[in-house]
Chemist: 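Dropping the structure in here first, questions after.
Each chain gets a letter, A, B and so on, in the order the sequences are listed, and its residues count up from 1.
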Amino acid sequence: MTQKITLNVNGKNHTVDADPDMPLLYALRNDIGLNNPHFGCGLAQCGACTVHVDGVAIRSCITPVSSVGKGKVVTLAGLGTPEKPHPLQTAYVEEQVPQCGYCINGWIMTAAAFLAKKKKPSEAEIKTALEGIKCRCGTHVSILKAVKRAAAMMG
Amino acid sequence: MTKMEKPTTISRRAVLMGTGALVVSVGAPLGLDVLLGMNNALAQGTKPPLTPDQLSSYIAVNANGTVSAFFGKMDMGHGLFVAVGQIVAEELDVPFKAVKVYMGDTANSVNQGGASGSTGLQLGGKQMRMAAAEARRVLVDMAAEKLGVPADQLTVSNGVVKTIAPRGAMPKSVSYADLIGGKYFNVQLEWNKAYGNTLYAPGKAKPKDPKDHKIVGKPIKREDVAPKVFCQEDFCTDIKVPGMVHGRMIRPAVAGSVPVKVDESSIKDIPGAKVVWQQGFLGVVADKEWDAIRAMEKLKVEWSKVEPPFPNQAALYDHIRKAPVRKRAEEGKLAGNVDEAFKTAAKVIEAEYEWPFQSHACMGPACALVEIKDGKVNCWTGSQKSHFVQNGLSAQLGVPLENVHVIWQTGPGSYGRSDADDCAADAAALAKAVGKPVRLQYTRDQGTGWDPKGPASIHRARAAIDAQGNVIAYDFLSKGFSRVDVDTNGSKLFDTLAGQTQGVTLKSGDGFGVPAESYEFANKKTAWETIPPLLDRSSPLRSSHLRDPVGPQIHFASESFMDEVAAALNVDPIEFRLRYVKEPRDIAVIKAAAQKFGWDTRPSPRKGQTGAKVSGRGIAYSQRNGTRVAVIAQVDIDRATGKIFAKRFTVAHDCGQIINPDGLEKCIEGNIIQGISRTLWEEVKFDNKKVTSVDWISYPILDITETPEKIDFVLINHPEIPPSGAGEPSIRPIAAAIANAIFDATGVRIRRVPFSPDRVKAALS
Ligand code: FES
Ligand code: FES
């Protein structure tokens with residue numbers, strides 16, 4: 001049975017008619033029409049579907065749409081814009097990180113939530129914060145450079 | 001998100017129109033009729049046929065003077081389009097920014113082979129270079145006629161053709177835009193009648209001398225990174241068309257079994273859910289994606305009982321050893337008589353190596369959208385061979401080739417013949433059955449469990465040593481599953497799961513390979529043997545191309561073995577290689593890597609290391625279609641846990657002329673990380689019924705916490721040698737470099753990949 005659920009996404013309210021058990025990912029992609037986040041595994045193992053709910057990085061592929069409640073959802077598109085980029089977006093462009101780019105949501109959204117709380121993290125802390133997120137193209141070296149660059153920009 | 005109102009992509013016509021000019025822009029110094037009258041032979045308003053022998057199939061000058069390049073290959077994340085843009089801009093003498101490269105769209109490019117064998121620049125770039133050079137020649141001829149000056153008295157810069165005027169005099173000039181902007185070249189090329197990688201169609205022009213290159217060789221950045229991080233660019237997973245439904249496939253729990261009973265009533269409560277069942281092909285569609293997923297999970301299916309098709313995994317290598325040989329070939333530079341030489345040996349060194357099946361395990365499982373409308377087909381796919389998908393869908397759906405439009409759109413990673421080609425054919429079968437456009441995305445377990453696998457293999461090497469410690473004979477044999485059990489593209493239905501599940505006649509190909517190096521021994525033999533697939537139809541272990549097909553396995557063995565021989569002779573591994581490697585460019589990469597790394601000359605293993613943590617360094621080198629790479633790995637090993645940290649790499653890379661050094665470094669970086677991953681972690685697991693490594697837990701890859709601390713590059717540039725590839729060569733020697741470093745650290749030789757902690761621990765104890 002579907003029900004009407006109102007979601008606050010990137011600062012705007014959207015009402016979707018959905019099975020309450022449906023993962024948030026499908027509401028964002030299909031009902032709200034975002035091309036970010038992505039489906040990578042549906043198992044909370046890769047990060048491709050990561051969004052923020054009230055500033056916390058979560059895996060939208062396993063988060064029932066009904067569980068979000070009044071939480072404010074921010075996706076990569078809501079994190080920054082070309083005019084007002086998030087430091088991680090700037091750093092990603094500067095470091096020319098991605099290859100295929102399908103993994104971007106996982107890294108940037110997880111790192112953004114981490115850097116919001118942790119100023120001047122060490123390399124080891126960055127690695128631990130990002131543990132488990134996947135990049136199959138192997139851009140690991142550049143990802144770390146970008147996160148360090150963004151951390152420096154954020155002071 | 002792009003909601004496609006009509007199934008259009010950027011067709012060539014749209015590109016020309018979109019940049020503002022109908023034919024010649026208002027305010028251009030000449031009217032259309034004058035221009036057409038003058039150069040009718042070379043330019044025209046209507047589009048010449050999209051055939052490889054037409055210059056217009058590769059290059060167009062838009063009304064505003066910008067250039068569109070239509071490329072029949074595509075970028076798999078290495079910034080290939082930047083390099084191709086550099087080449088085109090260079091030859092045409094236009095600014096780099098004036099060139100836009102369109103890739104992999106069958107409506108505006110010819111079949112140049114797709115992404116394939118690291119030939120993006122080697123072959124694809126070569127053709128684009130010749131086409132751009134020809135376009136420049138033609139434009140200069142047009143200018144000569146217009147300006148009334150012989151062509152050899154004209155120069156071009158920034159897309160403007162000028163007379164070489166004596167000092168003080170005003171040069172006469174005309175721009176490309178004024179000459180042809182907005183119209184098509186009507187120029188015939190000398191096409192070699194080949195399609196795919198070997199397609200070649202030069203004109204009369206000679207490309208520039210590399211010493212005159214100004215744009216080629218520059219570290220120009222990719223412009224697609226910003227659109228990606230700001231979500232302005234769609235992946236193939238993001239495309240939607242009106243009336244589209246979502247599909248999911250259902251695969252058997254025992255490989256080889258087929259549905260015998262499908263209870264459609266089990267999903268009757270799911271809105272719009274429908275079953276598509278054709279022999280072994282079983283899928284569902286629904287209007288909403290979540291409903292398609294629920295239908296896939298809920299559908300009750302009875303499957304045929306079949307004998308478990310696979311050996312247990314522990315018996316895999318024994319199976320390969322004992323399996324009948326389907327094809328054998330001796331390749332490479334053979335010399336002397338190996339068997340006779342071994343009879344005279346003072347000492348024989350022998351070893352055998354094993355490499356598992358590996359998965360593409362792309363970042364996301366494959367996705368494709370197929371729309372069949374009014375006898376026409378549109379397909380959006382991440383397949384790295386869109387023109388071959390066009391062939392495949394044409395045959396599968398019985399629609400003439402010209403009515404099938406395949407649009408390559410970046411997919412969730414691509415490293416060869418992945419699940420993407422299967423997905424396009426499955427989506428087409430679903431779309432045909434339900435009469436609606438179908439967007440099909442596989443599940444994670446289908447992506448990792450059912451993609452075509454990199455073949456498993458064993459490798460036997462032996463060397464004959466004389467009394468003075470010289471290698472007098474070398475014999476190397478690979479035996480494994482074919483790298484073309486299913487072919488490298490989706491052009492034939494029998495190579496796709498859709499075809500195989502629907503019972504088409506099968507045709508499994510045979511192919512493997514031999515080490516690519518320049519070791520010279522008086523007697524040398526390198527050979528391969530392929531064995532039949534474990535299950536011939538619809539197998540989750542069918543084998544095909546995975547990045548640098550069979551290169552990592554072969555060179556893991558051959559370069560580990562060179563180290564074994566060096567160690568047996570108590571010779572430093574680099575010194576040993578330099579005794580026998582003969583090609584100067586090979587010697588140069590080995591020496592360059594050694595120097596950059598700060599190699600201390602001594603035999604392996606390293607002496608005097610005690611305690612739980614030990615470290616070592618190892619070298620490996622190989623060639624690949626003209627490119628040569630030497631890699632030195634430094635690794636730390638925790639003897640207590642068996643955990644390996646591949647800490648530092650030094651890569652010396654020679655791929656001839658470097659088009660873009662920054663792009664090249666990134667490309668190598670990805671090769672190294674993926675190479676470490678495949679060496680330390682990756683192994684397809686299976687039981688006798690099915691593949692059991694189906695997600696990121698059961699098929700782990702290298703984690704960010706395991707990132708090497710440092711990668712140093714020596715990029716050797718040879719502007720005078722046309723570029724060979726870089727997309728794969730540097731993944732090739734990684735496994736051996738790591739294995740050799742482990743041996744250096746521990747004195748223990750590990751001959752089976754992956755070097756997972758339990759395996760290393762067992763080997764060390
Ligand atoms: S798609 Fe959600 S973690 Fe992989
Ligand atoms: S860039 Fe392709 S998966 Fe990360």
Chemist: What part of K710(B) is in contact with chain A, defined as an atom under 4.5 angstrom from a non-hydrogen atom: side chain, backbone, both or neither?
Modeler: neither

Chemist: Side chains of P82(A) and Q232(B): does their closest heavy-atom pair fall under 4.5 Å?
Modeler: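 Contact flag for P82(A)/Q232(B) side chains = yes.
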
Chemist: Check whether S677(B) gets within reach of chain A through its side chain, its backbone, both or neither, counting any heavy atom under 4.5 Å.
Modeler: side chain

Chemist: Measure E83(A) against the heavy atoms of chain B and call it side chain, backbone, both or neither at under 4.5 Å.
Modeler: neither

Chemist: Give a yes or no on whether K70(A) atom NZ has more than 12 heavy-atom contacts from other residues, nucleotides or ligands under 6.0 Å away.
Modeler: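 Check fails, neighbour count at 12 or below.
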
Chemist: Based on non-hydrogen pairs under 4.5 Å, which of A18(A), G132(A), G106(A), A48(A) is most in contact with chain B?
Modeler: G132(A)

Chemist: State the CG-SG distance between D75(B) and C100(A), to the nearest 0.5 angstrom.
Modeler: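 Reported value, rounded in 0.5 Å steps: 10.5 Å.
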
Chemist: Under 4.5 Å heavy-atom distance to chain A, tell me which part of I676(B) shows up: side chain, backbone, both or neither.
Modeler: neither

Chemist: Would you indicate whether the side-chain heavy atoms of K240(B) and N30(A) approach each other to under 4.5 Å?
Modeler: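 A side-chain contact under 4.5 Å exists here.
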
Chemist: Heavy-atom distances under 4.5 Å only: say whether S142(A) touches chain B with side chain, backbone, both or neither.
Modeler: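 When you check distances to chain B, atoms from both the backbone and side chain of S142(A) fall under 4.5 Å.
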
Chemist: Donor-acceptor pair, distance only, cut-off 3.5 Å: does the side chain of Q96(A) make one with the backbone of R222(B)?
Modeler: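 It does hold such a pair.
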
Chemist: Around atom NZ of K221(B), are there more than 12 heavy atoms from other residues, nucleotides or ligands closer than 6.0 Å?
Modeler: yes

Chemist: Tell me, for L76(A) versus chain B, whether the close heavy atoms (under 4.5 Å) come from the side chain, the backbone, both or neither.
Modeler: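 L76(A) touches chain B through backbone and side-chain heavy atoms alike.
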
Chemist: If I measure from the heavy atoms of chain A, does I697(B) come under 4.5 Å with its side chain, its backbone, both, or neither?
Modeler: both

Chemist: Tell me the closest heavy-atom pair linking L702(B) and H140(A), and the distance in Å.
Modeler: O-NE2, 2.9 Å

Chemist: Would you mind checking if R136(A) and E682(B) are paired as a salt bridge, meaning a charged N to carboxylate O distance below 4.0 Å?
Modeler: yes

Chemist: Less than 4.5 Å to any heavy atom of chain B: does that hold for the side chain of Y92(A), its backbone, both, or neither?
Modeler: both

Chemist: Roughly how far, to the nearest 0.5 Å, is NZ of K84(A) from CZ of F230(B)?
Modeler: 12.5 Å

Chemist: Which distance, rounded to the nearest 0.5 Å, do you find between the SG of C236(B) and the OH of Y102(A)?
Modeler: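 OH of Y102(A) is found 7.5 Å from SG of C236(B).
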
Chemist: Side chains of K127(A) and T707(B): any donor to acceptor distance under 3.5 Å?
Modeler: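 There is no such pair between these side chains.
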
Chemist: Any non-hydrogen side-chain atom of T139(A) less than 4.5 Å from a side-chain atom of I673(B)?
Modeler: no

Chemist: To the nearest 0.5 Å, what is the distance between CZ (R29(A)) and CD (E289(B))?
Modeler: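 CD of E289(B) is found 7.0 Å from CZ of R29(A).
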
Chemist: Below 4.5 Å, heavy-atom pairs only: which of R294(B), R547(B), H360(B), E709(B) has the largest tally toward chain A?
Modeler: H360(B)

Chemist: Check whether L43(A) gets within reach of chain B through its side chain, its backbone, both or neither, counting any heavy atom under 4.5 Å.
Modeler: side chain

Chemist: If we only count heavy atoms from C-beta on, is the M363(B) to C137(A) side-chain gap below 4.5 Å?
Modeler: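 The answer is no, as the side chains (C-beta and beyond) never meet within the 4.5 Å cut-off.
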
Chemist: Can I104(A) and V229(B) be said to form a side chain to side chain contact (heavy atoms under 4.5 Å, CB included), step by step?
Modeler: CA-CA 7 Å; I104(A) 288 178; V229(B) 299; 4.1 Å; yes

Chemist: Considering only heavy atoms from C-beta outward, does the side chain of I133(A) approach that of I704(B) to under 4.5 Å?
Modeler: no

Chemist: Considering only heavy atoms and a distance below 4.5 Å, find which of I293(B), I701(B), I711(B) pairs most often with chain A.
Modeler: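 Of the options given, most contacts go to I701(B).
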
Chemist: Provide the closest heavy-atom pair for C231(B) versus N36(A) in the form atom of the first, atom of the second, distance.
Modeler: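 For C231(B) versus N36(A), the nearest heavy atoms are SG-CG, 3.4 Å.
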
Chemist: Does any backbone or side-chain atom of E233(B) lie under 4.5 Å from a heavy atom of chain A? Answer side chain, backbone, both or neither.
Modeler: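 The backbone, not the side chain.
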
Chemist: On a heavy-atom basis, which atom in V93(A) and which in A226(B) lie closest, and how many Å separate them?
Modeler: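 In this case the closest contact between V93(A) and A226(B) is CG2-CA, 3.8 Å.
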
Chemist: Would you call K288(B) and D31(A) a salt bridge, taking side-chain N to carboxylate O under 4.0 Å as the test?
Modeler: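 The answer is yes: the pair qualifies as a salt bridge.
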
Chemist: Is there a side-chain contact between M76(B) and Q99(A) in this structure, where contact means two heavy atoms from C-beta onward sitting under 4.5 Å apart?
Modeler: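 M76(B) does not reach Q99(A) side chain to side chain.
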
Chemist: Test side chain to side chain contact (heavy atoms under 4.5 Å, CB included) on H38(A) and T237(B); report intermediate values, then the result.
Modeler: CA-CA 8 Å; H38(A) 296 299; T237(B) 49; 4.2 Å; yes

